[in-house]
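Below is one structure, written out as structure tokens; comments come after it.
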Amino acid sequence: MLFLAFLLAGIGTYAIRLSGIMLLGGDRKLPESVTKTLRLIAPAALAAIIANSLLLDGGDWRAFGAWQIAAVVATGVALWKRSMGWTLIAGAGAFAALLLVGL
């Protein structure tokens, strides 16, 4: 049953995206201001999700700890290596190590 719910959600999401492409596709050209705005939607949504995870815990402010330190480590590795893989490994490794030491 759960698989069916995920499958239907995936199909629905795909259909919504496809409908936008079909409606706006072809030889129509979007204005430059709309194109610029559309390019910024994904980074803005990701930043909102990350900020929510780092700062809030169930609606309350999250105390400074492993989450924030691991985020700083991951940010440093991302700026240094410019690699998604190394960033994920460093962030997850730092978070796991901090949890193991009790932070």
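Numbers here are sequence positions counted from 1.
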Quiz item: In chain order, what residues pass the salt bridge (Lys or Arg N to Asp or Glu O under 4.0 Å) check against Arg39, with sequence neighbours excluded?
Solution: Glu32

If you compare all heavy atoms of [X] against all heavy atoms of [Y], which two are closest, and at what distance to 0.1 Å?
X     : Y     : value
Leu98 : Ala70 : CD1-N, 4.0 Å
Gly91 : Ala74 : CA-CB, 3.8 Å
Val73 : Ala90 : CG1-O, 4.0 Å

So how far is it from [X] [atom1] to [Y] [atom2], rounded to the nearest 0.5 Å?
X     : Y      : atom1 : atom2 : result
Leu4  : Ile11  : CG    : CD1   : 8.5 Å
Gln68 : Leu103 : CD    : CG    : 9.5 Å
Thr35 : Leu40  : OG1   : CG    : 11.0 Å
Leu79 : Thr87  : CG    : OG1   : 8.5 Å
Leu8  : Thr13  : CG    : OG1   : 10.5 Å
Asn52 : Ile49  : CG    : CD1   : 8.5 Å

Quiz item: Quick check: does any side chain N or O of Arg62 sit under 3.5 Å from a backbone N or O of Leu56, one acting as donor and the other as acceptor?
Solution: yes

Quiz item: For atom CZ of Phe64, is the number of surrounding heavy atoms from other residues, nucleotides or ligands below 6.0 Å larger than 12?
Solution: yes

Quiz prompt | Pair listing, ring-ring contact (aromatic ring centres under 6.0 Å, His included) test, anchored in residues 70-96, at least two apart | solution = Trp67-Phe95

